[in-house]
Participant: 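For reference, the structure I am asking about is given below.
Just so it is clear, the structure is predicted and the values come from calculations on it, not from any experiment. Quick note: residue numbers are just sequence positions, from 1.
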Amino acid sequence: MGTQVTLDTDGGVNPNNTNLGEWLSYNINVQRNGDYTFTPRVAVNAAGAAFDIYVDNNKVGTVIQNQATGGLQNWVTGAPVQINLPEGQHSLKLQITASGMNINWFELSFLQGEAE
């Protein structure tokens, strides 16, 4: 896996050439307990590229891109995956389970949680 300049609208760089067994790791700060959507921005040559989502080494979801996007710089916002996150500092890991996906970014959006 390496990085490359992205042709996506937001610019910057993206990890590329993801292969089975590789992973990306991020530190996240969750503001409150609850359910979130994890929405990825991806590009794939062939359908079926995938990764699992881990929080503190616990699997919480899976992303599978079931349609090719027409190339590794043809970006789509993938289907959201609902995950549950506890408040606080955590390690979020994307573990590649099927090769062939470029990942530009992901977004975590709060759905619902404990009453305040």
Participant: Hydrophobic clusters here meaning ILVMFWY residues chained together by side-chain heavy-atom distances under 4.5 Å, can you tell me if Leu94 and Ile64 are in one?
Facilitator: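 Leu94 does not cluster with Ile64.
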Participant: Could you state the interatomic distance from CD (Gln95) to CG (Leu24), rounded to the nearest 0.5 Å?
Facilitator: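 Interatomic distance, Gln95 CD to Leu24 CG, rounded to 0.5 Å: 9.5 Å.
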Participant: Could you tell me whether the side chain of Gln73 and the main chain of Leu7 form a donor-acceptor pair under 3.5 Å?
Facilitator: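 Present.
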Participant: Which residue pairs pass the salt bridge (Lys or Arg N to Asp or Glu O under 4.0 Å) test with at least one member in residues 42-56, sequence neighbours excluded?
Facilitator: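 The answer is Asp52-Lys59.
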Participant: Distance from Ile53 atom CD1 to Leu108 atom CG, nearest 0.5 Å?
Facilitator: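 CG of Leu108 is found 8.5 Å from CD1 of Ile53.
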Participant: OG1 of Thr6 to CG of Asn14: how many Å apart, nearest 0.5 Å?
Facilitator: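 Here the interatomic distance stands at 4.5 Å.
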Participant: Tell me whether Trp75 is reachable from Val81 by hopping between hydrophobic residues (I, L, V, M, F, W, Y) whose side-chain heavy atoms are closer than 4.5 Å.
Facilitator: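 Looking at the clustering, Trp75 is in a separate group from Val81.
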Participant: With a 3.5 Å distance limit and no angle check, can you tell me whether Thr69 reaches the backbone of Val44 through a side-chain donor-acceptor pair?
Facilitator: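 Yes; judged by distance alone, with no hydrogens or angles, the pair exists.
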Participant: Nearest 0.5 Å please: distance from the CG atom of Leu92 over to the CG atom of Asn27.
Facilitator: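 Between atom CG of Leu92 and atom CG of Asn27 there are 9.5 Å.
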Participant: Given Val55, which of Val60, Asn84, Val30 fulfils the side-chain contact (heavy atoms from CB on, under 4.5 Å) condition?
Facilitator: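 Answer after filtering Val60, Asn84, Val30: Val60.
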Participant: Can you hop from Ile83 to Phe51 via hydrophobic side chains spaced under 4.5 Å?
Facilitator: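 Result: yes, single cluster for both.
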Participant: Can you label the angle between the Phe106 ring and the Tyr26 ring as parallel, tilted or perpendicular, going by 30° and 60°?
Facilitator: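 It falls in the perpendicular class, over 60°.
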Participant: For residues Tyr36 and Ile28: do they belong to one hydrophobic cluster (side chain heavy atoms under 4.5 Å, members Ile, Leu, Val, Met, Phe, Trp, Tyr)?
Facilitator: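 Yes, one cluster joins them.
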Participant: Using the salt bridge (Lys or Arg N to Asp or Glu O under 4.0 Å) rule, collect all pairs that involve residues 8-25, keeping only residues at least two apart or in two chains.
Facilitator: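 Non-adjacent pairs meeting salt bridge (Lys or Arg N to Asp or Glu O under 4.0 Å): Asp8-Arg41.
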Participant: Of the non-hydrogen atoms in Gly78 and Thr39, which two are nearest, and what is the gap between them?
Facilitator: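 Closest approach of Gly78 to Thr39: O-CG2, 3.6 Å.
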Participant: CH2/Trp23 to CE/Met1 distance, rounded to the nearest 0.5 angstrom?
Facilitator: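 Here the rounded value is 8.5 Å.
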Participant: Under the side-chain contact (heavy atoms from CB on, under 4.5 Å) rule, collect the residues that match up with Leu72, sequence neighbours excluded.
Facilitator: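 Applying side-chain contact (heavy atoms from CB on, under 4.5 Å) to Leu72 gives Asn17, Asn45, Asn102.
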Participant: Flag yes if Ile103 and Val76 sit in one hydrophobic cluster, no otherwise; membership is Ile, Leu, Val, Met, Phe, Trp, Tyr, and two members link when side-chain heavy atoms are under 4.5 Å apart.
Facilitator: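 Same hydrophobic cluster.
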